[in-house]
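See structure below.
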Amino acid sequence: ATITASTFTGNGTGSGGDGGAIDNADYGGHGTVTVSGSTFSANGSAGEGGAVADGDHHGDGTMSVSSSTFQGNAASYGAGGIADWDTSSSPMVIAASTFDANTIGGNPRAIAAGGEGSPVIDLAGDLLADSCAENKDGNWKDLGDNAAIDSTCLSSAGNLQTPAGTDTVDSSVSSLGPLADNGGSTQTQLPGSDNKAIGLIPTGTTVTTDAGTSVQLCPRTDQRGVASTGACTAGSVEVAPPPPPATGGGAPVLAPAPKIQVSSSQDPSIVGQPVTFTATLVPAPTCGSVSWLVDNVVPPAGTPTSGSGGT
């Protein structure tokens with residue numbers, strides 16, 4: 001099945017059921033599901049995987065998820081977002097997707113792997129505002145360029161692999177707007193301006209999955225259909241990084257203030273003798289005006305400029 005530009009919200013399972021929105025290859029089944037550009041919100045499961053379960057009870061499922069949003073899903077076991085329990089050796093690839101406020105038993109939990117088989121999960125270019133479960137028997141592969149609030153989705157005391165050098169682990173990753181209409185056919189969450197996921201992925205970045213396939217992370221088109229314009233944002237929504245600070249310009253250069261040269265018609269002058277003062281500005285300004293002060297006051301226009309003193 002191929003699922004694109006779709007919304008799954010408010011779905012649930014009966015007692016013990018897995019996958020509130022999608023349950024792939026359960027009870028020994030076989031299934032292939034590709035999800036892209038879709039949103040999963042407020043789905044619930046009484047079993048594994050609040051939004052998605054893959055291959056529980058000895059199932060053999062193949063699944064990939066890209067440019068999708070998982071927000072506010074909950075499960076009793078595994079993970080609120082995605083639980084991969086299949087027996088297949090082919091990896092579940094989760095790329096350029098956002099996970100936020102997904103829980104099990106009220107505790108943050110984005111993704112879990114393990115169960116009856118030894119599933120493989122590849123993570124690339126994801127925004128992980130939730131913690132992850134320590135996997136049981138699964139093998140996780142960090143392909144890099146992920147933004148996470150902690151390292152539980154990227155490394156663990158179990159057999160999870162060491163975070164790639166291109167990841168960022170920072171509390172700012174939880175800075176996300178509410179699920180809303182930000183353009184496109186599905187609701188998404190915009191990263192806050194302080195989110196370190198913004199501009200994390202250099203343009204020209206491509207990763208190779210455990211299955212040997214290539215996934216281009218940047219440049220890319222996000223869940224809304226918006227194309228990147230430079231370095232890309234981890235997660236499902238593209239936000240252009242701020243422009244670099246201007247260089248070489250600096251503050252404007254101001255012309256030096258002109259000097260005032262004052263001359264007198266009587267030098268020296270005698271008390272009571274009329275005197276004419278002439279002020280010359282050097283260099284001559286292209287605009288502006290000059291006023292005389294008599295007794296430290298600008299006299300009204302047309303009045304004699306006489307007084308006992310002034311400047």
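What you see is a predicted model, and the numbers here were worked out from it, not measured in a lab.
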- Distance col, row I22:CD1 vs S38:OG, nearest 0.5 angstrom, shows 7.5 Å
- Any pair with a residue in residues 178-231 that passes disulfide (SG to SG under 2.5 Å), sequence neighbours left out, goes on the list, sorted by first then second residue, please. C218-C232
- Under 3.5 Å: donor-acceptor pair, side chain of T98, backbone of T69: no
- Any salt bridge (Lys or Arg N to Asp or Glu O under 4.0 Å) involving residues 189-208? Give me the pairs, sequence neighbours left out, ordered by first then second residue. D170-K196
- Item | Shortest non-hydrogen separation from P241 to A231 and the atoms involved | CD-O, 3.7 Å
- Keeping the roles fixed (side chain from Q189, backbone from P178), state whether a donor-acceptor pair exists under 3.5 Å. no
- Query: How many angstroms lie between atom CD of Q187 and atom CG of L179, to the nearest 0.5 angstrom?
  - Reply: 4.5 Å
- Decide whether S41 and T9 meet the rule of one side-chain donor and one side-chain acceptor closer than 3.5 Å. yes
- Between N73 and N43, is there a donor-acceptor pair closer than 3.5 Å when you use the side chain of the first and the backbone of the second? yes
- Do any pairs count as a salt bridge (Lys or Arg N to Asp or Glu O under 4.0 Å) and have a residue in residues 216-244, sequence neighbours left out, and if so which ones? R220-E238, D222-R224
- Determine yes or no for a side-chain-to-main-chain donor-acceptor pair under 3.5 angstrom, with D167 supplying the side chain and N146 the backbone. yes
- Message: Starting from V226 and following side-chain heavy-atom contacts under 4.5 Å between hydrophobic residues (I, L, V, M, F, W, Y), which residues can be reached?
- Response: none
- Query: How long is the span from the CG atom in N24 to the CD1 atom in I82, to the nearest 0.5 Å?
  - Reply: 11.5 Å
- Task: Side-chain contact test, heavy atoms from C-beta onward, threshold under 4.5 Å: evaluate it for P202 versus D145 and give yes or no.
- Result: yes
- Message: side-chain contact (heavy atoms from CB on, under 4.5 Å), that's the test. Do L123 and I111 meet it? Break it down for me.
- Response: CA-CA 10 Å; L123 299 177; I111 304 165; 3.9 Å; yes
- Backbone N/O of P91 and side chain of D210: donor-acceptor pair under 3.5 Å: no
- Message: Are V215 and L217 packed together at the side-chain level, in the sense that at least one heavy-atom pair is separated by less than 4.5 angstrom?
- Response: yes
- Remaining members of hydrophobic cluster (4.5 Å side-chain criterion), L127: I149, V173, L176
- Give a yes or no on whether the backbone of A129 and the side-chain of D100 come within a donor-acceptor separation of less than 3.5 Å. no
- Item | Stepwise side-chain hydrogen bond (donor to acceptor under 3.5 Å, both in side chains) check, T34 with T2 | CA-CA 5 Å; T34 301; T2 299; 4.8 Å; no
- Query: Between the main-chain N or O of S97 and the side-chain N or O of D126, is there a donor-acceptor pair closer than 3.5 Å?
  - Reply: yes
- Message: Quick one: does any side-chain atom of S68 pair with a main-chain N or O of S66 as donor and acceptor, under 3.5 Å?
- Response: yes
- Query: For A240 and T229, which heavy atoms make the closest approach, and how far apart are they?
  - Reply: CB-OG1, 4.1 Å
- At their closest point, which heavy atom of A112 faces which heavy atom of I121, and how far apart are they? O-CD1, 4.0 Å
- Measure the spacing between SG of C153 and CZ of F99 and express it to the nearest 0.5 Å. 8.5 Å
- Please determine which of I94, V35, V93 meets the side chain to side chain contact (heavy atoms under 4.5 Å, CB included) test together with M63. V35
- Any donor-acceptor pair under 3.5 Å linking the side chain of D130 with the backbone of P108? no
- Close side-chain approach of D18 to W85, heavy-atom, < 4.5 Å: no
- Query: What residue pairs, at least two apart or across chains, pass ring-ring contact (aromatic ring centres under 6.0 Å, His included) with a residue in residues 1-23?
  - Reply: F8-F40
- Do you know the tightest heavy-atom contact between G20 and S45? N-CB, 3.9 Å
